[in-house]
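Note that the structure is predicted; figures quoted are calculated from it, not measured. Counting convention: from 1, in listed order, for ligands and their atoms alike. Residue numbers count from 1 along this sequence. Just so you know, these numbers use all the heavy atoms, side chains as well, and skip hydrogens, waters and symmetry mates.
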Amino acid sequence: MQEIRLQKFMANAGVCSRRHAEEMIAEGKVKVNGKTVTELGTKIDPDYDKVEVGGELIRLNEKKYYIMLNKPSGYITTAQDTHGRHTVMDLVTELSARIYPVGRLDADTEGLLLLTNDGEFANHVMHPSKNMTKVYIAQVKGMPSLATLKTLAAGVDIGDYVTRPGKAELVKGNQNVSTVKIEIGEGKKRQVRRMLDAVGHPVISLKRVQIGPIMLGNLPLGRWRHLREEEINRLVR
Ligand code: URA
């Protein structure tokens with residue numbers, strides 16, 4: 001087989017996304033033929049070289065899996081062991097392949113999460129240049145005014161960053177509690193919560209309902225399903 005970059009091999013083998021693989025290499029967690037490698041340009045031949053991550057031998061997966069999960073609150077988005085805390089992987093137990101989450105949701109956020117063992121797919125969906133729109137439904141304190149919704153859509157200073165233009169819409173509400181639909185093309189840490197905090201309407205609960213063309217639909221909370229072929233095609237188009 002042709003030589004490929006170590007991070008690409010790890011992503012193709014379903015260990016994690018390419019970007020996460022780069023972090024793991026830089027952190028010294030990856031060995032090639034028994035030697036720790038921290039050089040990001042390292043190339044390997046999957047037929048001959050022995051790659052170990054955290055002591056485990058990595059092989060290329062044949063079959064690719066693409067899954068959507070309706071993540072409940074209280075589960076951490078990680079493929080790694082977290083010393084007994086609930087992770088999203090606890091909810092996809094019936095699948096024997098090594099898959100990992102595409103992007104992340106906060107532990108206290110519910111809703112649509114994609115998981116895969118296809119590194120190219122994960123890279124495509126997560127890459128900032130792809131500008132994949134994500135839609136969130138937030139329950140917030142109080143009722144945002146029209147002017148506030150316009151501010152949310154135009155861009156909000158969330159402390160260290162001004163968010164890029166998106167969409168914000170009041171679904172329903174009263175003076176105490178409202179439901180707001182927020183559409184953003186980026187994914188800074190706790191972005192939606194920080195946006196709503198910044199305009200004085202803290203989030204009570206948050207749910208992601210759409211990523212690009214993929215909708216959560218009526219998948220029950222805590223359940224997963226395989227993506228349909230046309231859904232995968234629409235995501236990578
Ligand atoms: N924005 C947040 O604040 N939290 C998430 O989990 C996702 C987007």
Side-chain angles (χ1 to χ4, degrees), residues 16-17 19-20 67-80 82 85-92 99-116 122-144 148-149 151-171 173 177-217 219-224 235:
C16 54
S17 69
R19 263 192 286 172
H20 191 197
I67 278 165
M68 75 152 71
L69 168 72
N70 186 353
K71 177 194 164 310
S73 175
Y75 286 78
I76 301 166
T77 305
T78 177
Q80 251 106 61
T82 53
R85 290 183 294 168
H86 291 303
T87 81
V88 291
M89 305 316 295
D90 298 341
L91 300 164
V92 206
I99 55 167
Y100 55 86
V102 179
R104 65 170 58 222
L105 286 177
D106 300 335
D108 46 355
T109 301
E110 284 184 2
L112 179 58
L113 184 70
L114 302 177
L115 299 105
T116 189
N123 218 32
H124 182 95
V125 174
M126 279 195 289
H127 203 277
S129 69
K130 296 291 182 279
N131 225 355
M132 198 70 74
T133 303
K134 291 129 200 147
V135 182
Y136 295 87
I137 300 290
Q139 229 195 10
V140 301
K141 286 194 182 161
M143 186 160 70
T148 300
L149 292 167
T151 305
L152 282 167
V156 190
D157 188 343
I158 54 173
D160 51 357
Y161 182 74
V162 177
T163 60
R164 288 215 293 265
K167 289 183 185 166
E169 183 185 312
L170 182 68
V171 179
V177 52
S178 308
T179 305
V180 182
K181 185 175 169 188
I182 303 266
E183 205 174 304
I184 53 175
E186 45 187 357
K188 300 285 172 207
K189 203 167 180 204
R190 293 181 80 80
Q191 180 165 336
V192 175
R193 290 171 201 278
R194 286 158 74 199
M195 286 169 72
L196 286 156
D197 264 345
V199 296
H201 295 282
V203 166
I204 300 165
S205 65
L206 185 62
K207 178 175 190 157
R208 182 158 67 192
V209 294
Q210 192 173 342
I211 299 174
I214 305 300
M215 312 245 236
L216 180 62
L219 184 66
L221 194 61
R223 301 297 291 271
W224 65 272
L235 264 172

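Here the straight-line distance linking atom CZ of Arg223 with atom CG of Leu69 works out to 11.0 Å at 0.5 Å rounding. Between the CG atom of Asp108 and the CG atom of Leu206 there is a distance of 8.0 Å, given to the nearest 0.5 Å.
From the protein, the heavy atom lying nearest to atom 1 (N) of ligand 1 is Val192 N, 3.1 Å.
For ligand 1, the polar-atom distance check against Tyr136 finds no nitrogen or oxygen pair separated by under 3.5 Å. Note: an N/O pair closer than 3.5 Å links Arg190 and ligand 1 by distance alone.
For ligand 1 and Thr109, the ligand atoms under 4.0 Å from any heavy atom of the residue are 4 (N), 5 (C), 6 (O).
Of the candidates Leu206, Thr77, Asp106, it is Asp106 that places a heavy atom closest to atom 6 (O) of ligand 1.
For Tyr75, the ring pair (Phe, Tyr, Trp, His ring centres under 6.0 Å) partners two or more places apart in sequence, or in a different chain, are His86. With sequence neighbours left out, His127 forms a side-chain hydrogen bond (donor to acceptor under 3.5 Å, both in side chains) with Ser129.
Under the 4.5 Å side-chain criterion, counting only non-hydrogen atoms from C-beta, Ile204 is in contact with Lys141.
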